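Just so it is clear, the structure is predicted and the values come from calculations on it, not from any experiment. By convention here, the first residue in the shown sequence is residue 1.
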Amino acid sequence: MNTLDDKKIAFIGGGNMTNAIIDGLLKLKKEQNLNVNLAVSDRNESKREAFVAKGVHSVVPDDAHQIIIDADVLILSVKPQVMEEACQSIIPYLSGQLILSVAAGLSVEALTNMLGGYAKIVRSMPNLPSAVGLGATGLFANNISDEDKAVAGAVMSASGIVAWLDDESQIHAVTALAGSAPAYFFYLLEHMIEQAVLMGLNKDTATALATQSLIGAGELAKTTDPALLRTQVTSKGGTTAAALAVFAEQDFGKIMQDGMKACANRSRELGGELGQ
């Protein structure tokens with residue numbers, strides 16, 4: 001039996017990440033004929049209507065207790081700045097639910113404090129491709145059972161892959177590597193497309209070719225060392241070698257690594273700011 005069968009999953013907040021996770025769960029539900037009950041609380045009427053159209057029960061925040069009380073899993077999907085307010089509103093209805101947070105920058109300890117000492121919590125760091133079922137999520141918990149760990153992993157893997165972390169401090173590396181990585185790739189694509197247009201291609205053609213090349217390279221990199229793949233593409237004295245020589249001359253590798261360090265450092269700073 002699937003880990004999520006007969007589970008009731010409630011979301012506090014109906015933003016983009018909630019949509020991504022729910023879409024993944026609905027797809028899984030259909031493919032595996034699972035009995036999974038999904039519900040969302042959000043103050044925005046149009047968002048609630050959109051969830052209802054998908055077959056997801058939706059309530060206003062004042063009625064959130066209706067879905068919290070019955071939930072097996074409660075997913076906190078609100079902005080970090082309003083998390084404490086959200087936590088205060090759900091404390092009276094907690095009775096053993098597994099809490100899964102998708103809020104950036106908030107540690108398990110900070111969430112536990114906001115929840116009045118409630119510690120059955122999983123912290124996650126998902127990324128934007130979860131919206132198309134290709135997410136990469138880091139997970140951390142230190143006070144849950146193996147069964148709860150399996151449930152949390154199953155929820156997040158419905159929209160991509162998951163990696164459990166041994167230490168919560170590793171969440172900053174996950175943020176730099178996966179959480180913010182889509183923006184790095186989009187930035188690279190922007191400039192590749194721009195240069196291709198300057199070379200005479202129309203934008204649609206340039207976008208299609210660059211994007212497909214990125215997707216294909218990613219698929220290859222799943223099973224083969226990227227460094228080996230790079231050497232296979234690079235003929236001595238050839239066109240690829242000419243481009244890579246410019247990257248090396250301008251130390252593109254160090255620029256990339258420095259950017260990731262800055263991302264991780266800012267993640268640590270935000271954690272300190274939000275956890276106070």
Side-chain angles (χ1 to χ4, degrees), residues 1-83 85-87 89-90 93-94 96-104 106 121-139 148-162 178-179 182 186 211 215:
M1 185 177 74
N2 188 287
T3 304
L4 297 180
D5 208 23
D6 291 328
K7 289 291 186 292
K8 295 179 180 178
I9 304 172
F11 294 76
I12 304 300
N16 292 334
M17 193 50 63
T18 292
N19 266 292
I21 298 171
I22 282 180
D23 285 348
L25 290 169
L26 288 174
K27 181 180 178 183
L28 189 68
K29 179 179 181 177
K30 182 178 180 181
E31 291 174 347
Q32 300 189 17
N33 194 29
L34 297 180
N35 180 29
V36 179
N37 183 285
L38 304 176
V40 180
S41 167
D42 195 274
R43 65 181 70 255
N44 185 287
E45 183 177 1
S46 62
K47 288 182 179 180
R48 293 197 306 273
E49 291 174 349
F51 285 119
V52 170
K54 294 179 181 182
V56 177
H57 182 52
S58 181
V59 299
V60 296
D62 286 346
D63 293 332
H65 62 279
Q66 298 174 0
I67 64 174
I68 296 170
I69 292 172
D70 292 333
D72 298 297
V73 183
L74 184 59
I75 299 179
L76 304 181
S77 184
V78 299
K79 293 180 180 179
Q81 294 81 359
V82 299
M83 181 62 82
E85 179 184 350
C87 286
S89 70
I90 69 174
Y93 312 109
L94 295 178
Q97 300 94 326
L98 174 64
I99 303 290
L100 177 59
S101 169
V102 298
L106 289 173
I121 297 169
V122 176
R123 179 184 179 185
S124 72
M125 180 66 244
N127 67 2
L128 181 61
S130 298
V132 290
L134 295 171
T137 300
L139 295 170
D148 284 335
K149 188 174 181 179
V151 170
V155 169
M156 298 309 292
S157 63
S159 54
I161 66 168
V162 301
F186 297 148
T211 302
I215 294 169

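In this structure, the side chains of I75 and T18 stay at 4.5 Å or more apart for every pair of heavy atoms. Within the 4.5 Å cutoff, no side-chain heavy atoms of S41 are placed close to those of V60. The shortest distance between side-chain heavy atoms of F11 and I67 does not fall below 4.5 Å. When side chains are defined from C-beta on, L4 counts as touching L25, because their heavy atoms get closer than 4.5 Å. The shortest side-chain heavy-atom distance between T3 and D5 does not fall under the 4.5 Å cut-off. With contacts defined as side-chain heavy-atom distances shorter than 4.5 Å, the pair V151/D72 does not qualify.
For residues 47-57, the pairs satisfying salt bridge (charged side-chain N to carboxylate O under 4.0 Å, His left out) are D23-K54, with sequence neighbours left out. Within the structure, the ring-ring contact (aromatic ring centres under 6.0 Å, His included) test picks out the following pairs touching residues 60-81 (sequence neighbours left out): H65-Y93.
For the ring pair (Phe, Tyr, Trp, His ring centres under 6.0 Å) test, no residue two or more places apart in sequence or in another chain qualifies with H57. Take N44 and apply the side-chain hydrogen bond (donor to acceptor under 3.5 Å, both in side chains) test, not counting sequence neighbours, and it matches S46. In this structure D148 satisfies the salt bridge (charged side-chain N to carboxylate O under 4.0 Å, His left out) test together with K120, sequence neighbours excluded.
In this structure, CG in L38 is found 6.0 Å from NZ in K29, a value given to the nearest 0.5 Å.
Counting heavy-atom neighbours within 6.0 Å of E45 CD, excluding the residue itself, gives a total of 12 or less. Atom CD of E85 has 12 or fewer heavy atoms from other residues, nucleotides or ligands within 6.0 Å.
In this model, a donor atom of one side chain and an acceptor atom of the other lie less than 3.5 Å apart for N35 and D6.
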Distance-only check: which donor-acceptor pairs under 3.5 Å involve side-chain atoms of residues 121-136, not counting sequence neighbours?
| unit_1 | atom_1 | unit_2 | atom_2 | d |
| --- | --- | --- | --- | --- |
| R123 | NE | L106 | O | 3.1 |
| R123 | NH1 | E168 | OE2 | 2.9 |
| S124 | OG | S101 | O | 2.8 |
| N127 | OD1 | A136 | N | 3.0 |
| N127 | ND2 | A178 | O | 3.1 |
| S130 | OG | N127 | O | 2.9 |

